Structures are given as structure tokens and as C-alpha cells.
Amino acid sequence: MALGWNEIRDRAVQFSREWAGEQRERAEKDTFWNDFFHVYGINRRRVATFEEPVKKLGNRQGFIDLFWKGNMLVEHKSRGSDLDAAFTQANDYFAGIKDYELPKYVLVSDFNRFRLYDLEDGSRIDFLLQDFPEHVKAFGFIAGYQKKTYRPEDPVNVQAAELMGRIYDELRASGYEGHPLEVLLVRMLFCLFADDTGIFGKDILRDYIDLRTREDGTDLGMALAQLFQVLDTPEKRRQRTLDEQLAAFPYINGSLFTEQLPIAAFNLKMRSLLLQCCALDWGRISPAIFGSMFQSVMNPKERRDLGAHYTSETNILKLIRPLFLDDLWDEFHRVKGNANRLATFHKKIGDLRFLDPACGCGNFLVITYRELRLLEIEILRMQLKGQQVLNIEDVIWMNVDQFYGIEYDEWPARIAEVALWLMDHQMNQRIKDEFGNYFARIPLTKSATIVHGNALRIDWETLADTTVLDVSADRVNVFQLAEPREHYGTVNVYARSVPPPDRKVNYILGNPPFLGGKFQSANQKEDMEQVFGNLKGSGVLDYVAAWYMKAARYIENTNIKVAFVSTNSIAQGEQVSVLWGELFNRYGVKLHFAHRTFSWSNEARGNAAVHVVIIGFGTHDIPVKRLFEYDDLKGEPHEVTVQNINPYLVAGTDTTVVSRTTPLCPVPRIAFGNQPNDGGGFLFTDDEYRAFIEEEPGAQQFIRPFVGSFEFINNVKRWCLWLKDAEPTVLRKLPRVLDRIEVVRQHRLSSTREATVELAHTPTLFGFVSHTERPYVIIPSVSSERRKYIPMGFMPADVIASNLCLIVPDAEIYHFGILTSGMHMAWVSHVGGRLKSDYRYSNKIVYNNYPWPKEPTAAQRKDVEEKAEAVLDARAKYPTSSLADLYDPLTMPPDLMKAHQALDKAVDKCYRAKGFGSETERVEFLFGLYGEYVKS
């Protein structure tokens, strides 16, 4: 059992008294260092060796005075010796030490002076023997105490993930795969962590592998199997003849090591990789990083299929702070001065329950548990105020059984449970640091409830009422359920002891899968149908929307709060009216807080960078809402408090913009461009066009410029055969044209769509025709998010617009000015959908719902028209530059930017005299105006 700091300090005082002032000879250094390690409750003989032979630089033979592989190297000199020279000598030994055995610390000493070098952070401390009691914590690593610095970008996290990934690759390539491989890796993760954090004796796993298995790795699989058996056997039931090193491992319980696995056949490379893992300092790794480790070894295709996006600790805190953590800390500060109220508050947090219905590797649950345990430590500081407690565990009320999760895939479900155990142990060590009492929950008696199953098929109402009947097996399959078993589908619960709660959870949180409709599998589409039923328009919804609907049903008429990280598509475009209309109207959902669109990435292999939002909600209202806005998608947000947050994540009423077939305001109608549906028969590149006309000069009268979003923005020339109203007698004299028409006809006849086959009867016409032979404004259907404005323009009547853009026939310069303004762009960016992160312009959602200025004066209209003409004039100054060049934020000409800014001011004044100071102000005003128009 590890010692508390109080006892260690007492031993240090005794040690320094016994050795201070003694003129003992160098021959007694063995006794000196044995006594030194004894201060920390460690038998030096078990961990470190004297006079370790090693080849120094230049292949010279040397002997390390004291060597603890992977931890500390000691160079001990006689009194008064040069410690700088001793350190140089210590460094000479590194050339002959294996990489995974290199020390983290170097200590040089002359009995009286000590100098400790931390090779990882570059720090150094110097002190005299008599001052040793004041520096005992510098050597805390001897007793298993670790520096608590869990930085997501810490290189050790990346190294651990990559090494585990390589072990996974090697074992899988050897034929050891599937469920046994997943269980084996989870056990190895637990053991590696335990070896560095005091669950095991310091480095006993590493020593067991290094000293008790062959270098070629051939017996490593058998050795691990025996170790797992020992870890699952109580000390009293173990054989008395058990190997001494194995007997030193504690009983773990928790069913983690119960299942018998096929014995893996390791080789030299695999053993070396595992020893490299052992050499890392797992005490510096937050268990939340287990999610990254899991993701780093996933098949990239599987990650796409499951929609997995590992969430960093920073972004998890963005969710849990406004969901509950900030409120709990505020309450703590209000009650900490009152013992009775503080005790009630302590009980409150010990009773809270949390559900992550797409928990993956448990990142959200782990960080939530850590933050609550840190809060509990502050409570204990106030309650104990320096008092000593005989059994600190009696006053710790938080435990892992307050956490519930559902995960579709087995391996991350297992990791989630283990990660919570490990975080529990880290926080118990923190208790030891704070209050001086050793505290470890080994063997494990309580567990999180992690259900392996489909969250969209499981009834969440009955999840927390699950009682495990068969706890003897690792994979528990027998349940007492409030619903028939068939309701669950295939479900496994990994828990040894699950206390059934008498109520629902308090908070639901997480990061459900992001999968657009076109990426959803047949099974996932069935999930969506089961959740949404016959809800009109639900086919456009992202997979994550189903978690919102399930959560809304679960929390109806309660004070339960929910927050999810989600793809920003559920707050944009056509999804909003479908999803949020149902959540508002049927369940009375209210948004409590939101992070508007931001970008995150992580350190896992195959790093997933995604544009997301965070939405917190409940079915009860709260007086003040919190809105987090990002000026830089990769930067930090600024917070504003508002009275209400609408589903587009701006301040405003709970309004949804529904699909409309006609404009809300009296403006020209918009249409899609013309769709060829031709199999390439009608279309030409510029080179193909020239070659075609050379062969068939008579076809020139039927050739028109053809432009889509790409061609318009990038100034690319394309052409098309436009045969509407062409005389048949003329066409029959043009054999190359007839060949092209036949290509179109055959393409349509070969289609599986009945409507397309029908079009084969009119092979001279485009599949869809909207061209009016009048000038029009062209609007690209997709435009880069990098552009401040979507490039739009006027097209002459002879140019045929493709279906990859939209057209507004009969639009005037005033309409063009409004559409290309910052006011309209604010509407597009909030109401329109996205293709990846690019703007996607919609006729039925964006244009037809846009609230145009209410009765602008003639002078205001004229001002807009003049400023719009100035924008076109500024473009015309650069005839060789494409719109992509002109609207790139890095190359946009200053005079064009100034022309747009002047136009923005003119358009703003059409809405109100004051103008607008930000995009947020514009959007809030537009939603208010939209509400007026809809009601009128």
C-alpha cells in the first residue's frame, strides 16, 4: 500500500537525521540508497540495481551506481566531489541503454548534496541532505505520485496512441483479431496505466515483461494470460506457490480480466513495442485520451461508417460548463460558508446521474467525472479545514456508478468503462495529495453502466432500471428489464454491480454520430424511420437529429438538461424547420445555451477536423440564455447573454424558416438553371466546341454559352447545343448533331428512373428547361466559405445557365444590389445549408424566405442601384481576373471591397436609418422582420 505524504515526510526527517553529519565511507552507499527508497515505502531491491554494467560512449565499459530502468539513474560520488562532472558521467551511460529503459530522472549526489534533473521538462533542483524533508515531493515518482499535467497536446499522448496502434496492426496482421484483440488491448491499456499510477506497484508490469519473458517474445502471450488470471483472482484464493513477481499484482475485480482469451503469439517486434509502451509515463495521460487511442487504431472506413469524431477535452468543457458545471460552482460559492447547506450540496452532487447515449470511448463521461471530483475536493477542503480523517473514503460521495452510456461498438464501450475506473483512481490519488490519506478503490466494486447496443433502438426510459442478474461472466447478457427484451435488440452491459436508480438521469450529454443522408447505411435509415416515423421531411435530417428527438421524448415534462455536439447542419437550411419545428411544437423544447459554428481537431491518427455547434436544451425555460460566438472558427468564443436563442443559434424568437415555393416578398421569382440530363451529348469544352464547329459549321446557330457555378466563378468557357424550336429539316442535315441527339436518347433510355426514360421521347431538349430568353441574375448554388460575398452577376439572354446555379429572370440592378449585400449574406450564412463548410444557396429556404426591405424610398432604391453599379464597374477593371480571383480574401482588389462596403451601407439604410454594427445585429433584425412578414 502506498504511503501518504505525512508518513513519507516523517520518514524523511528520520533519514536526514541518521545520515546528516555522518562521515561514512563510499562502501556504505548500498545502505544509504536502501534507506532512501525506504522513505517512500519502496524496497530498493525490487526496482533498482547497483553497479549496472553498461557500454559508455566510445564502447567503453562502465557501471551505473544505481539504475532504476525507465525511471532514475543515480551517480553517487564521495563527499565534496564535482556534481557537474558526475552529471556528465551519467549522460555518458545513455548510449548503452535501450530506448525504453532510458531514465526520466538523473540524480547526482555526494551523500550530503543532492541534485535532481527532470529530463522531461528540463528542470533541476539542488538541496542539502538536512533539507531533504522539504523536498520529498520532488521524488514522489518513487512512491507512484505523478505530476498531474494532462495536456491534450502532450507528446506522450501521441506517442501512446501511435504505439498502441502499431501493436494493434502487428497483432491483427498476425491473425489475432476481432473480439479477442479488442479485449486484449483494453486490458493492456489498463495494466500500462496501473503500472505508473499506484494501482500496481511501481513498474512491476514492466519488470515482469522485461525479466520474465524471452527477448524474442515467443512466451509473452502465455505470460500475459497468466497475469490476467492473477489479476482476476483474490489474493486469498491464489496458489501459495505462485511466482513472487506475479503474486505482487493486486486483485482488480470488475470482470475486466474474467473472460478467457485465445493466447496471442507475440514476436520480438511486438514485445519491443509493448516495452516501449511501458517506458512511457502513463501517469501523465488523462484517461480521456483513451478515446484518441481507440480512434487511432480504427479503420478509416469504419470511422466514416460510425460517424466517430473524437472530442478534445477543451471542447468537452465547452459543453459541460454551461450545461451544469458553471451552475454547480456558483452554487458552491453561495453555500460554502454554511456547513449545513454545504453538506446538502455535497449530497446533491453525489446523487447526480449522467447519460451519454453515444458515449464512444467515454470522453464526455470521464471529463465530467473528473470535474465533479475536483469540485468535491473543494467541498472537502471547506468541510475538513485541516482535520485528519481516519478513513477518507467515508466522506467521498462521488463514484463511477453515477454514469451511464450507450455505445454501438463493443471496443469503445469497454474502453469507456475502464477509462472511468482509471479516472476514479487518478482522482483518488488527488485526494491522497490533498489530505495525506492513501485512498484506492481496488478491488473494483462499482462500475459505470455502459450498454453495448443501438441507442436509437433502446428505450432510454428503462436503461437506468437495468439490473444485472449474471455477474460471473465478462459479457453479461441476462437482464431484468422494464420492457420486453426484444425492445433492446442486441445488448451487452459491462458491469459487475449496477445499483438500480429510482429515477431518471439528471443530464444527457455527448457527441452523437454526424452522418448526412447520403452517408447513412440502410440500417441507419431504418433507425431514422423508427425515431421519426412519418414526420414530413425527415428524410433530409442528419443522423444526429435522431438523438435530439430521443432526448426530447425522454426529458418531456422534466427539468433534465441536455447538450450535444452536433454538425452545424441541424442549425441551417431545410433541416431546421423539420427537426426544430417538431421539438418546439410537440415537446416544448427551449434552447438554454449554444456555441455557434466552430472548428475542432484532435491528436488522433487520421485527425478529424469538423465544423460543429454545441446546443444545450430542455423542456423547461430558464430566464437567461448563453450564446457563444466565434469571430475565428478556430479561435476562442466570446459570450453574450440573451433572452432567447432560436434554432439558427442567434438571439430571437423560436422561429423556423419553412420551405416556400414562392417569395415571401413581391420580388422576381427564382428558378433552377437548365438540366441537360444528356450523358454528355449536349455539352462541350471550349476545345471540343471548336473541333465540332470545324466538322459541322452548320451547327453554329445552335451553339450557346453554357455556365454553371464553377464556370461562372472561375471564368471557364463551356458550350451547349440548344435545340429548342430548331427546325427538324435543318437538324436532319447535320449528322454530327444527330449523333449527339442519339447519345442523349440512349442515355435516357438506359436510366432506371421512369421520368428520365420518358424524356427520351424529346431528345432535342434539355431534361429541365427554365431559360426565358431574357437577361437574368445568376446565383451560384455553392460558394466557398472563405468569400465575404457570394459572387453573383447579370447574364445576357443568349447564355444558358446550368442546374448547378440559380437564376432570377427579370431581376433589376436594385435586386442585384440587395442580393450581393452583406445583409443578404448574413441571411445566407445562418439560414442556408452548407456543402461541407461552403455556402449552399437555396431557392425555397434562402431566397423565397428572405425579408426584403419594407417600402424603401425612391432615394434609397436609387442609392442601392448606384452602389450596385459601382460593384460591377469595379469588377470590370480587372478583365483577366475571374470572380474566384476577385473575391478571394487574399487577392480581392481594395476598390472592389470599398464598393461592396458602400453597397452594404446603402442596403442597411433601406432597413433602418441607424445601420448595423455586426452580422449578429443584421441577423437578429432580419429574423424579427421575417416574423412580421409571416404574421401579416
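These numbers come from a predicted model, not from an experiment.
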Quiz item: If you take all heavy atoms of Leu319 and Phe593, which pair is closest and at what distance?
Solution: O-CZ, 3.6 Å
Self-check item: Side-chain donor-acceptor contact under 3.5 Å, His638 with Glu629
Solution: yes
Quiz item: How long is the gap from CD1 on Ile379 to NZ on Lys348, to the nearest 0.5 Å?
Solution: 10.5 Å
Exercise. Determine, stepwise, if the pair Arg321 / Glu639 fulfils salt bridge (charged side-chain N to carboxylate O under 4.0 Å, His left out).
Key: CA-CA 13 Å; Arg321 281 173 175 157; Glu639 178 182 347; over 6 Å; no
Exercise. Test Thr344 against Val335 for side-chain contact (heavy atoms from CB on, under 4.5 Å), laying out the working first.
Key: CA-CA 9 Å; Thr344 300; Val335 306; over 6 Å; no
Quiz item: Going by an N to O cut-off under 4.0 Å, is there a salt bridge joining Arg353 and Asp401?
Solution: no
Quiz item: Within a strict 4.5 Å, meaning less than it, do heavy atoms of the Phe324 and Phe354 side chains meet?
Solution: yes
Quiz item: Under 3.5 Å, is there a donor-acceptor pair between the side chain of Trp421 and the main chain of Val400?
Solution: no
Quiz prompt | Pi-cation contact, Phe617 with Lys590 (under 6.0 Å, within 45°) | solution = no
Practice problem: Let me see the working for Ile560 and Tyr507 under side-chain contact (heavy atoms from CB on, under 4.5 Å), right down to the final yes or no. | Solution: CA-CA 6 Å; Ile560 299 170; Tyr507 298 97; 5.8 Å; no
Exercise. Check whether any side-chain N or O of Lys625 sits under 3.5 Å from a backbone N or O of Gln643 as a donor-acceptor pair, and report yes or no.
Key: yes
Quiz item: How about Glu556 and Thr619: does a side-chain donor come under 3.5 Å of a side-chain acceptor?
Solution: no
Quiz item: Are Glu417 and Ser447 linked by a side-chain donor-acceptor pair shorter than 3.5 Å?
Solution: yes
Practice problem: Side-chain contact test, heavy atoms from C-beta onward, threshold under 4.5 Å: evaluate it for Trp580 versus Val589 and give yes or no. | Solution: yes
Exercise. For the residue pair Leu372 and Leu328, establish whether any side-chain heavy-atom pair is separated by less than 4.5 Å.
Key: yes
Quiz item: Got a donor-acceptor contact below 3.5 angstrom from the Lys550 side chain to the Arg457 backbone?
Solution: no
Self-check item: Donor-acceptor under 3.5 Å (Asn253 side chain, Pro443 main chain)
Solution: no
Quiz item: When rounded to the nearest 0.5 angstrom, what distance separates CG in Asn315 from CZ in Phe364?
Solution: 8.0 Å
Practice problem: Could you tell me whether Arg341 and Glu331 have a side-chain N and a carboxylate O separated by less than 4.0 Å? | Solution: no
Quiz prompt | Gap between atom CG of Leu185 and atom CD1 of Ile415 - 0.5 Å precision | solution = 8.0 Å
Exercise. Search all heavy atoms of Leu583 against all heavy atoms of Ala552 and return the closest pair with its distance.
Key: CD2-CB, 3.6 Å
Quiz item: Does a side chain donor of either Arg596 or Tyr630 reach within less than 3.5 Å of an acceptor in the other side chain?
Solution: no
Quiz item: Are any of the side-chain nitrogens in Asp351 or Lys347 under 4.0 Å away from the carboxylate oxygens of its partner?
Solution: yes
Quiz item: Atom OG1 of Thr368 and atom CD1 of Ile320: how far apart are they, to the nearest 0.5 Å?
Solution: 4.0 Å
Practice problem: Over all heavy atoms of both residues, which pair between Thr197 and Phe193 is shortest? Give the atoms and the distance, please. | Solution: OG1-O, 2.8 Å
Quiz item: Do Val612 and His595 come within less than 4.5 Å of each other through their side chains, counting heavy atoms only?
Solution: no
Quiz item: Does Asp195 use its side chain to pair, donor to acceptor, with the backbone of Cys191 at less than 3.5 Å?
Solution: no
Quiz item: Any side-chain donor paired with an acceptor under 3.5 Å for Tyr404 and Asp356?
Solution: no
Quiz item: Has the side chain of His452 got a donor or acceptor atom that lies under 3.5 Å from a matching backbone atom of Tyr408?
Solution: yes
Quiz item: Does the pair Arg553 and Glu461 meet the rule for a salt bridge (charged side-chain N to carboxylate O under 4.0 Å, His left out), with working shown?
Solution: CA-CA 9 Å; Arg553 290 172 184 162; Glu461 293 283 352; over 6 Å; no
Quiz item: Charged N to carboxylate O under 4.0 angstrom, Arg626 versus Asp326?
Solution: yes
Quiz item: Hey, what do you get for CZ (Arg430) to NE2 (His425), rounding to the nearest 0.5 Å?
Solution: 14.0 Å
Quiz item: Under 4.5 Å between any side-chain heavy atoms of Leu375 and Trp329, yes or no?
Solution: yes
Exercise. Determine the minimum heavy-atom distance between Met528 and Ala546, stating which atoms define it.
Key: SD-CB, 3.9 Å
Quiz item: Can you find a pair of side-chain heavy atoms, one from Met164 and one from Leu192, that are under 4.5 Å apart?
Solution: yes
Quiz item: For Val418 and Phe190, which heavy atoms make the closest approach, and how far apart are they?
Solution: CG1-CD1, 3.7 Å
Practice problem: Examine distances only and state if a side-chain atom of Glu407 and a backbone atom of Gly360 form a donor-acceptor pair shorter than 3.5 Å. | Solution: yes
Quiz item: Does Asn428 use its side chain to pair, donor to acceptor, with the backbone of Asp424 at less than 3.5 Å?
Solution: yes
Quiz item: After noting the C-alpha distance and the side-chain angles of Val565 and Leu509, does the key distance pass the side-chain contact (heavy atoms from CB on, under 4.5 Å) rule?
Solution: CA-CA 8 Å; Val565 177; Leu509 68 167; over 6 Å; no
Self-check item: Check: Gly917 main-chain N/O paired with Glu921 side-chain donor or acceptor under 3.5 Å
Solution: yes
Self-check item: Side-chain heavy-atom pair Arg373, Ile377 within 4.5 angstrom cut-off
Solution: no
Exercise. Sort out for me which residue in Phe564, Tyr554, Phe532 forms a ring-ring contact (aromatic ring centres under 6.0 Å, His included) with Tyr548.
Key: Phe564
Quiz item: Are Glu378 and Lys336 within salt-bridge range, i.e. N to O under 4.0 Å?
Solution: no
Quiz prompt | Side-chain donor-acceptor pair present, Gln572, His830, cut-off under 3.5 Å | solution = no
Quiz item: Below 4.0 angstrom, N of the basic side chain to O of the carboxylate: do Asp327 and Lys561 qualify?
Solution: yes
Self-check item: Heavy-atom pair of closest approach, residues Ile645 and Val642
Solution: CG1-CG2, 3.6 Å
Self-check item: Trace of the side-chain contact (heavy atoms from CB on, under 4.5 Å) decision for Tyr543 with Asp527
Solution: CA-CA 9 Å; Tyr543 196 46; Asp527 292 341; 2.8 Å; yes
Self-check item: Validation row: Leu380, Val395 side chains within 4.5 angstrom (heavy atoms)
Solution: yes
Quiz prompt | Nearest-0.5 Å distance that lies between atom CZ in Phe628 and atom CG in Leu649 | solution = 12.5 Å
Quiz item: For the side chain of Gln575 and the backbone of Asp542, is there at least one donor-acceptor N/O pair under 3.5 Å apart?
Solution: yes
